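Beneath this line is the structure, given in structure tokens, with notes to follow.
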Amino acid sequence: MRLSIFALLSLSLGLVAAKKSPQEELTELAAAGNGVIKVTNERTFDLLTLPSRNWSAAIQFTALNPQRKCKPCSEFDPSFTAVAKAWTTVSEPERSDHFWATLDFDEAQQVFQKLSLASAPVVHFYMPLAGPRGRAKDTPLKYDFSHGFEAGPLAEQLSSHTPVPIPYKAPIDWASWAVYAAFGLFFLVTLPLVAPFLQNRWVWAAGSIVTSLIMTSGYMFTRIRGMPMTSGGQWIAAGYQSQYGQETQVVAAIYGLLGGSFLMLTMVTPTQTSPARQRTQVYVWTAIIFVVYSILIALFKMKNRGYPFSLLF
Amino acid sequence: MPVAYPLPKDLSPATVANTASLLRIVALALISGAAIASRLFAVVNFESIIHEFDPWFNYRATKVLAEKGFYEFWNWFDPTAWYPLGRVVGGTIYPGLMATSGVIYSFLHAINLPVDIRNICVMLAPGFSALTAWATYMFTKELKDESAGLLAAAFMGIVPGYISRSVAGSYDNEAIAIFLLMFTFYAWIKALKQGSAFFGTVAAVFYFYMVAAWGGYAFITNMIPLHSLVLILMGRYTNRLYVAYSSWYAIGTLSSMQVPFVGFQPVSTSEHMGALGVFGLLQIIAFSQLIHSHLPSKQFKTVVLGSVISIGLLGTAAIVTLTVRGSIAPWTGRFYSMWDTGYAKKYIPIIASVSEHQPTAWPSFFMDLQFLIFLFPAGVVYCFKQLRDEHLFVIIYAVVASYFAGVMVRLMLTLTPIVCVTAAVALSELLDTYIDPQEPDASAEVADVAAPSDNASAATPSKKVKKAAAAASAAPSNPISDLVNANAPAKTKKASKSRGIFGLDTRIAVIFNTTMMLLFFVAHCTWVTSSAYSSPSVVLASTNPDGSQHIIDDFREAYYWLRQNTAEDAVVMSWWDYGYQIAGMADRPTLVDNNTWNNTHIATVGKAMSSSEEVAYPILRKHDVDYILIIFGGLIGYSGDDINKFLWMVRIAQGVWPDEIQEPNYFTPQGDYRIDDQASQAMKDSLMYKMSYYRFSDLFGGQQATDRVRNQAVPKVGPTLDYIEEAYTSENWIVRIYAVKKEDPLGRDLKSANAFAEGKKRKRTKPMTRRRAII
């Protein structure tokens with residue numbers, strides 16, 4: 001008897017709660033969380049992804065607990081929050097047609113299991129199933145992280161699914177502007193001091209040669225591909241079409257040494273007035289060219305296994 | 001004057017000069033021969049065939065030009081490309097290459113040499129490489145001297161970085177463009193040196209030829225203004241610069257606008273604004289100089305200076321405003337992606353997907369340039385030492401080109417000439433120093449030996465002194481050495497006394513070392529050319545167990561099958577890489593080809609390939625596709641196949657239909673790209689996967705089927721096809737062709753029609769079992 005009263009009570013409570021439509025409830029939750037609904041239980045998740053929803057939802061699945069050691073999660077979370085915050089500036093009827101939610105692994109593990117998610121961070125975009133934007137299929141779109149964890153591409157990509165484009169604007173990076181301005185000012189102030197250096201051709205020569213050495217040793221490859229300096233104790237990447245950052249330095253140094261040896265032979269050695277010293281120099285530089293060139297060939301053979309030639313090594 | 005080795009005394013200077021020039025001509029002829037011969041590996045190893053992809057289109061266009069004449073070619077609308085859109089070929093190509101072959105063809109026929117147009121196309125690139133070697137010689141001669149020029153020509157003739165784009169059969173724009181590039185630069189240097197309007201005009205004419213031949217002309221359009229700008233900033237403005245630049249810019253720009261594909265771009269796009277800006281700047285400077293020379297009044301000069309600066313500012317502001325308002329087109333994507341290297345991957349995946357647009361790793365540099373790559377900085381140092389106007393040009397070129405070559409493998413081609421030039425300059429300087437028979441004055445060394453600090457080495461030099469003294473007495477005065485001395489302008493006569501090399505052994509050591517490096521370079525170039533750069537890629541070669549060569553000719557086999565067995569208007573769908581080949585060899589309409597002008601159309605093909613059969617079928621039918629052609633390397637291990645390119649199809653389709661195609665769906669949950677049992681559902685359902693592995697496991701007769709490219713086991717139960725059927729599979733399964741079924745005559749869905757047909761069969765077998773049960 002007491003039990004039934006309790007059941008009745010809870011039912012009526014439930015009725016009171018049910019009077020609010022799910023959308024209103026979510027709007028409140030979103031407002032409370034500064035634009036982001038914090039999903040801590042399965043119920044909220046089910047509410048967000050209600051089969052009769054006429055709103056869309058972007059849900060971030062993450063694991064921010066430091067014990068989880070998910071570095072990308074903590075990298076991505078600020079971007080997601082920033083984009084969600086930008087959404088709060090959208091005017092009313094559209095604003096509550098789309099929700100942002102974040103779901104931490106340690107708070108709603110069962111949701112992760114239900115969706116059989118094995119990695120984080122993941123962003124699912126649930127399209128509405130009812131209303132004017134309604135879709136027939138209830139499969140979430142997965143956000144493609146190939147553009148990195150920045151907020152810009154996230155807002156740009158999701159804008160094609162939200163009711164109105166996300167009014168996200170990248171914050172102006174005052175710090176870097178200040179640094180640039182400081183550098184410019186520094187340059188202007190020291191201009192009279194550095195002017196003789198800038199007019200010296202050998203300063204420019206050093207600059208040009210270092211630039212071309214670095215460029216011809218594959219620096220742009222490592223930058224564009226984001227190659228690490230070394231990987232797993234290896235500093236030579238396997239394969240002809242690949243290289244690590246360390247290789248750039250070694251190869252640039254080898255090229256520099258070889259080119260320098262030739263320059264020594266043509267520019268410095270002939271000015272030597274002592275025959276003995278000159279002879280020593282000639283033989284030393286010739287030997288250096290031969291040995292270093294052999295090392296370079298050996299290095300190249302490691303990259304291109306089919307190369308048939310070798311010198312010393 | 002001491003010499004290291006005796007020289008013949010009884011030669012007149014005229015004889016020496018004549019012999020030298022004869023030797024130069026012979027050397028240049030031999031270099032041309034070597035340049036052409038080393039490019040013939042492709043013809044010797046395979047046959048006289050057009051290579052790769054783009055050359056097939058150029059060849060097809062040239063055939064039209066040769067058969068129908070220039071005006072037909074100019075107005076050619078090709079309805080079979082980009083079906084159903086078609087392509088206005090005359091207005092969307094650089095016609096220089098085809099026009100060149102057309103002229104050669106007409107000329108040879110006019111003198112009654114009936115050469116096949118194909119052989120002209122195949123041999124055009126080697127022929128022009130000989131001209132490139134000559135242009136490099138002329139260019140380097142302006143920097144240093146003839147001997148450096150010869151070295152540069154020899155390097156240019158055989159360097160793999162250039163051979164890679166100019167073997168026989170590689171009938172592409174680059175084949176003639178590098179010659180034009182080098183010759184334009186030579187004419188520019190010459191014009192600048194002499195202040196000659198004639199050479200400026202020559203530069204402009206070759207610039208026009210270059211514009212007509214290659215999209216890379218933008219490199220010249222920006223290099224020459226950059227050089228002029230640097231000269232102005234260094235305070236090296238001269239009237240020679242004014243004459244050279246103005247004649248080049250005015251004539252070059254006007255003539256380049258005659259190419260329909262270029263049109264008004266020279267005055268309306270950002271790539272060309274630098275050239276226009278420098279032109280304006282030069283006019284302002286010239287004007288102010290004129291005023292300066294005529295008006296002594298100081299106040300008036302200030303007024304002129306003020307007005308000149310304000311005119312300059314107004315001009316810049318006008319250009320900026322026009323750019324912002326959109327009258328001047330901003331940088332094109334291709335150009336922009338060279339500065340912001342992440343740009344292409346984000347916004348134009350179709351550019352990022354091309355393998356020759358990838359960044360360059362260091363082994364590629366070494367493979368293509370070998371020991372030139374480390375002589376290159378030494379040569380740049382030499383240029384800094386001289387620092388005449390033309391040396392500045394080389395320095396700017398070197399820095400800019402090495403950056404571009406690092407960003408894109410393809411632009412190695414523009415770096416190669418300057419590396420050859422600078423390396424030749426450095427090496428020729430070394431050889432000059434060590435071949436020169438003159439030794440430094442003994443007095444200087446005696447003074448040095450006499451110094452008490454150097455006791456240990458005193459023994460050897462004194463011997464050396466004797467030897468040198470003996471040599472000196474043997475040849476007290478030598479007309480030849482005087483001549484040699486006079487021929488080497490880099491050395492001043494006074495300085496040569498204290499500057500030079502002692503002894504013969506040192507000379508021999510350095511020269512022997514250098515000669516060996518040169519020989520090694522030749523061996524390297526020959527090996528690279530024969531093993532890496534001479535494959536036509538239309539015909540593949542493999543080695544039999546007994547070492548003999550086995551030719552894999554699947555591509556032509558399949559294209560000829562299409563030509564022979566399908567209706568002439570049958571539309572063939574394939575990934576864009578094979579569009580030109582299908583048009584060239586099979587002569588069938590294609591949906592997309594290597595021109596890649598319409599991203600959406602390519603994305604449509606990508607979508608059809610990466611969707612399931614049910615989704616793809618309406619797309620195929622709407623585009624009237626009759627056959628689908630795919631490349632599959634899993635059987636013989638050909639890694640450049642469509643499954644390996646598949647992710648780009650998905651990416652490009654995703655760019656247009658982000659909610660229908662999503663790249664992550666094609667990976668396993670672990671994020672791997674697999675084709676075995678663990679492959680994701682989207683992958684297994686995709687048309688590309690199904691077509692690639694259809695009936696593949698049957699081939700292994702019950703054993704485990706393995707894909708030899710990806711080294712993964714293929715599922716035993718292969719995919720089934722309802723909407724398309726296998727039409728043809730080539731010998732090694734590299735090319736597979738599928739026919740698209742027509743709609744079911746009864747109006748059923750093809751899938752249910754197939755199920756019904758199979759169901760009927762099952763019913764027939766049922767009585768058998770029942771009968772068995774009764775017994």
Side-chain angles (χ1 to χ4, degrees), chain A residues 118-119 141-142 144 146-147 153 157 160-161 201-202 204-205 208-209 211-213 215-221 223-225 240-243 247-248 251 254-256 258-260 262-263 265-266 269-271 273-279 282-283 286 289-290 293 296 300 303-304 306 308-309, chain B residues 341-342 346 359-363 365-367 371 373-378 380-381 384 387 395 398-399 402-403 405-407 426 429-430 433 440 444-445 448-449 454 457 460-461 464 498-503 505-506 509-510 513 517 520 523-524 527 531 654 658-659 662-665 669 671:
Chain A
S119 61
L141 307 172
K142 294 186 190 86
D144 181 8
S146 60
H147 298 317
Q157 296 255 312
S160 54
H161 306 305
R201 68 172 76 171
W202 296 113
W204 287 92
S208 324
I209 283 166
T211 312
S212 43
L213 276 179
M215 290 304 164
T216 50
S217 332
Y219 171 70
M220 287 316 286
F221 180 88
R223 250 206 66 186
I224 294 172
R225 291 288 164 81
Y240 174 70
Q241 303 280 9
S242 174
Q243 71 171 94
E247 276 175 77
T248 308
V251 170
I254 288 179
Y255 287 170
L258 283 166
F262 273 97
L263 281 177
L265 278 177
T266 40
T269 316
T271 59
T273 47
S274 151
R277 273 196 220 152
Q278 192 190 64
R279 179 168 286 118
V282 167
Y283 282 117
T286 308
I289 289 175
F290 186 63
Y293 192 28
L296 180 61
F300 183 67
K303 303 290 284 187
N304 187 354
F309 308 111
Chain B
T341 47
K346 243 183 229 172
T360 321
W362 78 266
F365 280 102
F366 190 77
M367 182 94 158
F371 85 128
I373 194 74
F374 57 77
L375 282 176
F376 167 53
V380 175
V381 171
F384 268 105
L387 213 61
I395 291 163
V399 173
S402 53
Y403 170 77
V407 174
E429 180 77 0
L430 180 84
T433 312
E445 69 180 288
D448 199 83
V449 170
D454 214 338
S457 59
T460 21
K464 187 87 210 61
S498 60
R499 198 176 177 280
I501 302 298
F502 297 98
D505 57 330
T506 45
V510 170
N513 193 23
M517 282 174 91
F520 185 17
H524 171 90
W527 177 76
S531 68
Q654 184 183 9
D659 28 326
Q662 278 139 22
E663 193 183 340
N665 294 345

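Note that the structure is a prediction, hence the values are computed from the model and not measured. All chains are named by letter (A, B, ...) in the order of the sequence lines, taking the proteins before the strands, and each is independently numbered beginning at 1. All values below come from the heavy atoms of this structure, side chains included, with hydrogens, waters and symmetry mates left out.
- Looking at A/Leu213, the atoms closer than 4.5 Å to chain B (heavy atoms on both sides) all sit in the side chain, from C-beta outward.
- Options A/Gln243, A/Arg201, A/Glu247 differ in how many heavy-atom pairs under 4.5 Å they form with chain B, and the most are formed by A/Arg201.
- B/Trp362 CH2 to A/Ile254 CD1: the interatomic distance, rounded to the nearest 0.5 Å, is 7.0 Å.
- For chain B, the nearby part of A/Ser242 is the backbone; its heavy atoms alone come within less than 4.5 Å.
- With hydrogens and angles disregarded, a donor-acceptor distance shorter than 3.5 Å links the side chain of A/Gln278 to the backbone of B/Gly500.
- Summarising the geometry of B/Ala509 relative to A/Thr286, their closest heavy-atom pair is O-CG2, 4.4 Å, with the distance given to 0.1 Å.
- Between chain B and the residues A/Thr211, A/Ile289, A/Leu265, the most heavy-atom pairs under 4.5 angstrom are made by A/Leu265.
- Looking at heavy atoms from C-beta onward, B/Phe371 lies out of side-chain contact with A/Leu296 at the 4.5 angstrom threshold.
- Counting all heavy atoms, side chain and backbone alike, A/Arg225 lies closest to B/Pro359 at NH2-CD, 3.7 Å.
- The two residues B/Pro377 and A/Ile209 have their closest heavy-atom pair at O-CD1, 3.7 Å.
- Rounding to the nearest 0.5 angstrom, the gap separating the CZ atom in B/Arg499 from the OG1 atom in A/Thr269 is 9.5 Å.
- Below 30°, between 30° and 60°, or above 60°: for B/Phe520 and A/Tyr293 the angle between ring planes is between 30° and 60°, a tilted geometry.
- Here the CZ atom belonging to B/Phe502 is positioned 9.5 Å from the CZ atom belonging to A/Arg279, to the nearest 0.5 angstrom.
- Taking every heavy atom of both residues into account, B/Thr433 and A/Pro270 meet most closely at CG2-CG, 3.5 Å.
- Contacts between B/Ile501 and chain A at a heavy-atom distance below 4.5 Å involve backbone atoms as well as side-chain atoms.
- Looking at B/Thr506, both its backbone and its side chain come within 4.5 Å of chain A, counting heavy atoms on both sides.
- Atom CH2 of A/Trp204 has 12 or fewer neighbouring heavy atoms from other residues, nucleotides or ligands inside a 6.0 Å radius.
- Contact annotation for B/Leu430: both backbone and side-chain heavy atoms come within less than 4.5 Å of a heavy atom of chain A.
- Summarising the geometry of A/Phe309 relative to B/His524, their closest heavy-atom pair is CE1-CA, 3.8 Å, with the distance given to 0.1 Å.
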Report the C-alpha distance between B/Phe366 and A/Lys303 in whole Å, list the side-chain angles of each, state the deciding distance to 0.1 Å, and finish with yes or no for side-chain contact (heavy atoms from CB on, under 4.5 Å). CA-CA 11 Å; B/Phe366 190 77; A/Lys303 303 290 284 187; over 6 Å; no
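- Counting heavy-atom pairs under 4.5 Å between each of B/Ala398, B/Ala523, B/Ser531 and chain A puts B/Ala523 at the top.
- Contact detail for B/Ala361 and A/Tyr240: the closest heavy-atom pair is CB-O, 4.3 Å.
- Between A/Tyr255 and B/Ile373, the closest side-chain pair of non-hydrogen atoms falls below 4.5 Å.
- Residues A/Trp202 and B/Val381 form a side-chain contact, since some pair of their non-hydrogen atoms from C-beta on lies under 4.5 Å apart.
- Both the backbone and the side chain of A/Phe300 come within contact range of chain B, with heavy atoms under 4.5 Å apart.
- The closest side-chain heavy-atom distance from A/Ser208 to B/Ile395 is below 4.5 Å.
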